[in-house]
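Take a look at the structure set out below.
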Amino acid sequence: MSDERRIWLARPQAGDEELAEVRAVLESGILTQGPKVAELERMVADLVGVPHAFATTSATTALHLSLVAAGIGPGDEVLVPDFTFPATANVVVQQGAVPVLVDVELEAFALDLEDLERRVTPRSRAVMPVHPFGLPAGMAPLMAAAERHGLAVIEDAACALGATDGGRQTGSFGLAGCFSFHPRKSITTGEGGMITTSDDELAGRIGLLRSHGGVREAGRFRFEAAGFNYRMSDILAAVGVAQLRHLDAFLAARRRVAGWYDERLAGWPALRTPITPAGRTHTYQSYVVLLDEAIDRDAVIRALAADGIETTIGTYALHAEPFFARTYGHRPGDRPRSWRAYRSGLALPLHAGVGEDDVDLVVGRLRTAVG
Ligand SMILES: *Cc1c(COP(=O)(O)O)cnc(C)c1O
């Protein structure tokens, strides 16, 4: 298959504007965290509608830093949806706490609140709702449940920069919200992340811990905590600033492609298309369909790949991954809906470069592949 006929799963858009921003930073001589990081943080805080934003090296470090700043440690349990990228749960393990894996619902792939109720214990300290593939988890009932059980909410909003629920941006609901700037997310800096919060005390701890635990004083540092270096470079922040100016256009392009898939796939008995419940907006970080149980999803991925069409799984069922299965005694299928979503989820090519003719091609090949 020649390169020009390939339809990629994801392709970030970046060009002259990003290059000009990066050039200005390189010429400024300030390459570590500096004025560009501050500019990107202000832009994200304004977008999300919170007073504080902290750029980090990734969403993973953003999540970890949020847990540390929230005081999560050994003996604590943190409720995490089972159907997610492992980073959500890994950071809990890194804090010496236990990730309690909660099953999801199959409509929107979000954390299932009934299963959450069953898994809350006196040791539960926090819950980390994921906004799956950029669709906000229904936040009103989740916040109510968290409040009832005294749980801190750390939003894994890695996929959801620009998504709203009831008119509010994701990342503004919890004690903290964590975004990713990986190339498959709403905007990219190559690698990068951001924490948003409205909590002044948490913000103070995040600022301290992000940079070695040092407080600048009289030309040097006073080290108040055993902190990290999770700072973003101004070189990458420059890319982010240029990217963020185009967020609305990027999301509009993604929603347009999703609309083409919706139209063409509607009513197929072989699969279910993504939903957007009333009152929410979707970033379509991924367009994930749920295939009928009888269909061999991996065979579909291989068949499409042979036609030059790149697709992939939705995401992982953590309980069935070796580390979590071994460490916490889970068996594949213990979280039945997550297990089903893991085996039958299929992410179709979606990025600004996917045209309506590409969607026709993908859908045509998909029809053949699912039989
Ligand atoms: C991408 C992703 C992450 C990790 O983001 P990085 O910036 O690559 O660390 C975490 N959680 C979810 C749900 C993601 O999709």
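What you see is a predicted model, and the numbers here were worked out from it, not measured in a lab. We use all heavy atoms of the structure for the numbers below, so side chains are in, but hydrogens, waters and symmetry mates are not. As the structure lists them, so they are numbered: ligands from 1, and atoms in each ligand from 1.
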For this session: Output yes when the distance from some N or O of ligand 1 to some N or O of T84 is under 3.5 Å, and no in every other case.
Result: no
Exercise. Is any side-chain heavy atom of T189 less than 4.5 Å from a side-chain heavy atom of Q243?
Worked result: no
Exercise. How about Q95 and H64: does a side-chain donor come under 3.5 Å of a side-chain acceptor?
Worked result: yes
Exercise. Any side-chain donor paired with an acceptor under 3.5 Å for S344 and R297?
Worked result: no
Problem set entry | Atom CZ of R216 with >12 non-hydrogen neighbours under 6.0 angstrom | no
Exercise. Has D357 got more than 12 heavy atoms of other residues, nucleotides or ligands less than 6.0 Å from its CG?
Worked result: yes
For this session: Check A59 against ligand 1 and report side chain, backbone, both or neither, counting heavy atoms closer than 4.0 Å.
Result: both
Exercise. How does T60 reach ligand 1, if at all, at less than 4.0 Å between non-hydrogen atoms: by side chain, backbone, both, or neither?
Worked result: both
Problem set entry | Numbering as shown, the atoms of ligand 1 that approach G192 to under 4.0 Å (heavy-atom distance) | 7 (O)
Exercise. In terms of atom number and element, which parts of ligand 1 are under 4.0 angstrom from non-hydrogen atoms of C159?
Worked result: 15 (O)
For this session: Applying side-chain contact (heavy atoms from CB on, under 4.5 Å), name anything that partners D115, two or more places apart in sequence or on another chain.
Result: V102, D103, D112, R118, R119, R335
For this session: Return the set of residues passing ring-ring contact (aromatic ring centres under 6.0 Å, His included) with Y261 (not counting sequence neighbours), or none when no residue passes.
Result: Y287
For [atom], find the nearest protein heavy atom and state the residue, atom name and distance (0.1 Å precision).
atom: atom 7 (O) of ligand 1; answer: S180 OG, 2.6 Å
atom: atom 2 (C) of ligand 1; answer: K185 NZ, 2.6 Å
atom: atom 10 (C) of ligand 1; answer: D156 OD2, 3.7 Å

For this session: Take every heavy atom of R184, measure it against each atom of ligand 1, and state whether any distance is under 4.0 Å.
Result: no
